[in-house]
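Below: the structure, in structure tokens.
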Amino acid sequence: MITISAFQWVPPFAQGVVRDLRVRWALEEAGLPYQVRLIDPQVQASSEYRALQPFGQVPIYQEGNLTLFESGAIVHHIASRSEVLLPTDEEGKARATMWMFAALNSIEIYFQNLAEIDFFYPGQEWGKQHRPDVVKMIQTRLGELATCLGSREYLEDRFTAGDLLMSTVLRILRHTDLLDGYPTLKAYKARCEARPAFQRALASQMEPFQQRQA
Ligand SMILES: N[C@@H](CCC(=O)N[C@@H](CS)C(=O)NCC(=O)O)C(=O)O
């Protein structure tokens with residue numbers, strides 16, 4: 001049985017964007033059953049968990065003797081087992097993989113800069129000074145991504161793991177109105193999120209948070 005790790009609880013700003021969401025979504029798309037190990041800060045800091053995830057983060061993926069960390073690598077591993085996520089032809093597979101890397105290496109890092117300023121260092125002088133440049137860079141990337149997408153439904157001619165990662169990355173901006181300036185990207189994100197597998201993944205991440213808040 002596949003086991004992934006996730007947080008027992010996170011503050012509301014992080015609920016629905018914690019990176020185990022990508023892994024849950026990929027597993028749901030692939031139709032692979034899994035169980036979740038919910039962890040707290042104590043487990044996160046333990047040497048047992050650090051031996052599995054050197055940075056003490058979620059998610060990890062465990063199956064038999066295999067333990068993986070890094071959500072992108074985990075989604076790729078799952079995708080390699082499901083045609084729903086990765087085409088089987090070599091070119092299609094390579095292009096979908098390219099989009100996975102683009103989401104994480106060329107887009108997410110800029111969005112994450114904004115999330116750091118807004119959620120982890122609110123009110124800090126350096127953040128206030130730096131924020132306009134961070135927003136400008138994000139707008140540049142959003143414009144470039146919108147150009148690539150054009151009038152297509154997905155980044156390639158069908159949904160792939162590249163779209164899965166790209167749309168979860170776009171969710172990082174949900175506390176802003178930045179996507180409003182890019183209606184095709186907004187519709188693209190909504191299209192990806194409308195997939196039943198995404199809805200199941202989101203509901204399963206949210207469940208323990210809602211239980212604790214009830
Ligand atoms: N590059 C890693 C980042 C993982 C990551 O940032 N996880 C966050 C939750 S979304 C976390 O565990 N944060 C707690 C911490 O860093 O202590 C991945 O994609 O798996």
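Remember, it's 1-based here, ligands and their atoms both numbered in the order they're listed.
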For atom 10 (S) of ligand 1, what's the nearest protein heavy atom and its distance?
-> Arg19 NH1, 3.1 Å
Atom 3 (C) of ligand 1 - nearest protein heavy atom and its distance = Gln57 OE1, 3.5 Å
Heavy atoms of Glu156 and Trp99 approach each other most closely as OE2-NE1, 2.9 Å
To atom 1 (N) of ligand 1, the nearest of Glu108, Glu70, Gln112 on a heavy-atom basis is Glu70
Ignoring hydrogens and angles, state whether a donor on the side chain of Glu63 or Tyr61 is under 3.5 Å from an acceptor on the partner side chain.
-> yes
Taking atom 19 (O) of ligand 1 as the reference point, the nearest protein heavy atom with its distance = Ser71 OG, 2.6 Å
Hey, which atoms in ligand 1 end up nearer than 4.0 Å to a heavy atom of Val18?
-> 9 (C), 10 (S)
Taking only residues two or more places apart in sequence or in another chain, which ones pass side chain to side chain contact (heavy atoms under 4.5 Å, CB included) with Ser46?
-> Val43, Glu48, Tyr49
Atoms in ligand 1 flagged as close to Gln44, the criterion being non-hydrogen separation under 4.0 Å | 14 (C), 15 (C), 17 (O)
Atoms in ligand 1 flagged as close to Pro59, the criterion being non-hydrogen separation under 4.0 Å | 20 (O)
Closest non-hydrogen contact found for Gln205 with Gly16 is OE1-N, 2.9 Å
Measure across Pro33 and Ile2 and return the closest heavy-atom pair with its distance rounded to 0.1 Å.
-> O-CB, 3.9 Å
Centre of Tyr34's six-membered ring, under 6.0 Å away, within 45 degrees of the axis: is that where NZ or CZ of Arg24 sits?
-> no
Return yes or no for this condition: an N or O of Val17 is under 3.5 Å from an N or O of ligand 1.
-> no
Could you find the nearest protein heavy atom to atom 12 (O) of ligand 1 and give me its residue, atom name and distance?
-> Val58 N, 3.0 Å
Residue pair Thr3 / Gln35, side-chain donor-acceptor N/O under 3.5 Å | yes
With a 4.0 Å cut-off on heavy atoms, does Phe7 reach ligand 1?
-> yes
